[in-house]
Asker: 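Before I ask anything, here is the structure I am working with.
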Amino acid sequence: MNEYYLHLAIMSCIYLISAQALNLNFGLGGLFNLAHVACYAIGAYTTAILSVDYQYSFFICIFASAILASLLSLILGAISLRLSLDYFAIGTLSFSFIISALLINWKELTRGVLGIPGIPRPQIDSFNFTKFPNFQELITIDFSDNYNFLILVFSFAVITNLILYFIFKAPYSRALKAQSEFIHASQTLAINSTAVRLWSFTIASFFAGIAGSFFAYYLNYIDPSSFSLQEMLFVFSIIIVGRPGSFWGVLFATIFLVLLPEGLRFFDLPSSILGPMRQFLYAFILFTTVYINKGILFPTQRKI
């Protein structure tokens, strides 16, 4: 398979994990969580530091990335969930700026703007069975090859999306959606809105940490510019185009938006036009989708 198409497939899987996690938080819960990209960055940097500085294995790195991202979001959620609407968005955005400032200025740990190079690809160590000398070769997988890495990230994308799919179909998702539509009415039904929101915040951050871990492994290098607000807006664009709260809509929107620039390659356009044209297409599709789904994105507050 062509290396470029492998790249698109890998990035689609990484964005799918991140976007579907935020869809639980923003799509169902109605929480305008701008700290999602910070949790994504925490997952990437945790993997980078543990694998480069301490040579920990793949499973330890990815598990630590997910746990650390969810723990920090748990602390943030306990504070920011006391806020509502615009104030909640501002609070989570502030957290993203704090994480960005730490990544730039904590040079002893993160190398600052120089970033962390040389992140090794995952590797499954072979086992030494004396009775089966040929078995060792069968289980040795080199994930430095992009095709093998695609199989790995695709497997995790399928597993995480299956978990999120069952969460979307569980009674918990109905409680999450109920508190987003009318919080006071949901509380009369004995729904603990704070706990429901906090759990969605934590679950979304857990999977954002996994996506960030794969992002670090794939690029072999990360720096603070990789986790800018533009990255956050792209993930929000996926959810808006796919329709907030729609599991399958976000899945297809991820593939569509990642592959969207490829359609322009069939036109013989200079690079000075190709870049702005891609941004124009994103903006046009996003504006059209927001206009069509404005009733979902900006619902009228229900009243008794």
Asker: When you check the side-chain N and O atoms of Y15 and E231, is any donor under 3.5 Å from an acceptor?
Answerer: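 The answer is yes; a qualifying pair exists.
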Asker: Would you say F227 and I222 make side-chain contact, with heavy atoms under 4.5 Å?
Answerer: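 They are in contact (side-chain heavy atoms under 4.5 Å apart), so the answer is yes.
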Asker: Rounded to the nearest 0.5 Å, what's the gap from OH on Y54 to CD1 on I49? Could you check?
Answerer: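 Atom-to-atom, Y54:OH and I49:CD1 are 8.0 Å apart.
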Asker: When you measure from the side chain of T110 to the backbone N and O of L103, does any donor-acceptor pair fall under 3.5 Å?
Answerer: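 Yes; judged by distance alone, with no hydrogens or angles, the pair exists.
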Asker: Within the side chain of N105, is there an N or O that forms a donor-acceptor pair under 3.5 Å with the backbone of A101?
Answerer: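 Checking the backbone N and O of A101 against the side chain of N105, a donor-acceptor pair under 3.5 Å is found.
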Asker: At what distance, to the nearest 0.5 angstrom, does OG of S200 lie from CG of N33?
Answerer: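 With rounding to 0.5 Å, OG (S200) is 8.0 Å from CG (N33).
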Asker: Counting only heavy atoms from other residues, nucleotides and ligands, does the tally under 6.0 Å from CZ of F154 exceed 12?
Answerer: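 12 or below, so no.
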Asker: Stepwise, does the side chain to side chain contact (heavy atoms under 4.5 Å, CB included) test hold for L93 with M232?
Answerer: CA-CA 10 Å; L93 181 61; M232 181 76 262; over 6 Å; no
Asker: Which atom pair, heavy atoms only, marks the closest approach of A216 to A44?
Answerer: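 Of all heavy-atom pairs spanning A216 and A44, the closest is CB-O, 3.5 Å.
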Asker: Any chain of hydrophobic side-chain contacts (each under 4.5 Å) joining Y5 to I14?
Answerer: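 Hydrophobic grouping puts Y5 with I14.
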Asker: Does the plane of the ring in F149 sit parallel, tilted or perpendicular to the ring in Y218? Use 30° and 60° as the thresholds.
Answerer: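 Plane angle under 30°, so parallel.
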Asker: How long is the gap from CZ on F26 to CG on L34, to the nearest 0.5 Å?
Answerer: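 So the CZ of F26 and the CG of L34 are separated by 9.5 Å.
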Asker: Among side-chain atoms of N146 and R121, is any donor-acceptor pair under 3.5 angstrom?
Answerer: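 Looking only at side-chain atoms, R121 and N146 do form a donor-acceptor pair, the distance falling under 3.5 Å.
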Asker: With no hydrogens and no angle check, is any side-chain donor or acceptor of H36 less than 3.5 Å from a backbone partner on V235?
Answerer: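 Checked: no pair found.
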Asker: Given V258 and F234, is the side chain to side chain contact (heavy atoms under 4.5 Å, CB included) satisfied, shown in steps?
Answerer: CA-CA 10 Å; V258 172; F234 178 70; 4.3 Å; yes
Asker: Considering all heavy atoms of both residues, which atom of A204 and which atom of N25 are nearest to each other, and what is their separation?
Answerer: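 Minimum heavy-atom separation between A204 and N25: CB-CB, 4.0 Å.
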Asker: For the hydrophobic clusters of this structure (ILVMFWY residues joined by side-chain heavy atoms under 4.5 Å, transitively), does one cluster hold both I255 and I151?
Answerer: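 In one cluster with I255: I151, yes.
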Asker: Step by step, work out the side chain to side chain contact (heavy atoms under 4.5 Å, CB included) result for F207 and L24.
Answerer: CA-CA 11 Å; F207 289 111; L24 177 70; over 6 Å; no
Asker: With rounding to the nearest 0.5 Å, note down the distance linking CD1 in I104 to CG in L114.
Answerer: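 Answer for the CD1-CG pair, I104 versus L114, is 11.5 Å.
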Asker: In terms of hydrophobic clustering (I, L, V, M, F, W, Y; side-chain heavy atoms under 4.5 Å; direct or indirect links), are L152 and L162 co-clustered?
Answerer: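 No; L162 is not reachable from L152 via cluster members.
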Asker: When you check the side-chain N and O atoms of S65 and T46, is any donor under 3.5 Å from an acceptor?
Answerer: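 Not at all, the side chains of S65 and T46 share no donor-acceptor pair under 3.5 Å.
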Asker: Checking the side chain of T160 only, and the main-chain atoms of A157 only, is there a donor and an acceptor separated by less than 3.5 Å?
Answerer: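 Side chain of T160 to backbone of A157: a pair is present.
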Asker: Measure the CD1-CG distance between I119 and L50 for me, rounded to the nearest 0.5 Å.
Answerer: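 It comes to 11.0 Å.
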Asker: Is there a side chain to side chain contact (heavy atoms under 4.5 Å, CB included) between L229 and V37? Walk through the geometry before answering.
Answerer: CA-CA 8 Å; L229 189 60; V37 70; 5.7 Å; no
Asker: Heavy-atom count check: over 12 atoms from other residues, nucleotides or ligands less than 6.0 Å from Q55 CD?
Answerer: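 Enclosed.
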Asker: Answer with yes or no whether the hydrophobic clustering places V113 together with Y221; edges join I, L, V, M, F, W, Y residues whose side-chain heavy atoms lie under 4.5 Å apart.
Answerer: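 No, V113 and Y221 fall in different hydrophobic clusters.
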Asker: Hey, what's the ring geometry for Y165 with F247, parallel, tilted or perpendicular (30° and 60° as the breaks)?
Answerer: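 Judged by the thresholds at 30° and 60°, the geometry between Y165 and F247 is perpendicular.
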Asker: How far does CD1 of I79 sit from OG1 of T92, to the nearest 0.5 angstrom?
Answerer: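 Going from CD1 on I79 over to OG1 on T92, the span is 12.5 Å.
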Asker: Between N220 and P120, what is the shortest heavy-atom contact and its length?
Answerer: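 Of all heavy-atom pairs spanning N220 and P120, the closest is ND2-C, 4.4 Å.
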Asker: Nearest heavy-atom pair of P224 and G112: which atoms, and what distance?
Answerer: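 Closest approach of P224 to G112: CD-O, 3.4 Å.
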Asker: Minimum heavy-atom separation for S173 to I167, with atom names?
Answerer: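 Where S173 meets I167 most closely, the heavy atoms are CB-O, 3.3 Å.
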Asker: Can you confirm whether more than 12 heavy atoms, excluding those of F166, are under 6.0 Å from its CZ atom?
Answerer: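 For F166, atom CZ is not crowded (no more than 12 foreign heavy atoms under 6.0 Å).
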Asker: Please check: side-chain N/O of S213 versus main-chain N/O of G209, any donor-acceptor pairing under 3.5 Å?
Answerer: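 Answer holds: no.
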Asker: Ignoring hydrogens and geometry, is there a side-chain-to-backbone donor-acceptor pair from Q179 to V196 under 3.5 Å?
Answerer: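 No; zero donor-acceptor contacts below 3.5 Å.
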Asker: Among the clusters formed by ILVMFWY side chains lying less than 4.5 Å apart, do V158 and Y217 turn up in the same one?
Answerer: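 Unlinked, V158 and Y217 end up in two clusters.
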Asker: Around atom CZ of F63, are there more than 12 heavy atoms of other residues, nucleotides or ligands at under 6.0 Å?
Answerer: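 Counting neighbours around CZ of F63, 12 or fewer heavy atoms of other residues, nucleotides or ligands fall under 6.0 Å, so no.
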Asker: Hey, does L259 have a side-chain heavy atom less than 4.5 Å from the side chain of L8?
Answerer: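 Side-chain contact under 4.5 Å: yes.
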Asker: Closest approach of C39 and A69, non-hydrogen atoms and distance?
Answerer: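 Smallest heavy-atom distance, with atoms named: O-CB, 3.8 Å.
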Asker: Are the side chain of S237 and the backbone of L233 linked by a donor-acceptor contact shorter than 3.5 Å?
Answerer: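 Yes.
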Asker: Parallel, tilted or perpendicular: which fits the ring planes of F215 and Y40, with parallel below 30° and perpendicular above 60°?
Answerer: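 Judged by the thresholds at 30° and 60°, the geometry between F215 and Y40 is tilted.
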Asker: Would you find a donor on one side and an acceptor on the other, under 3.5 Å apart, between the side chain of S100 and the backbone of F97?
Answerer: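 Answer holds: no.
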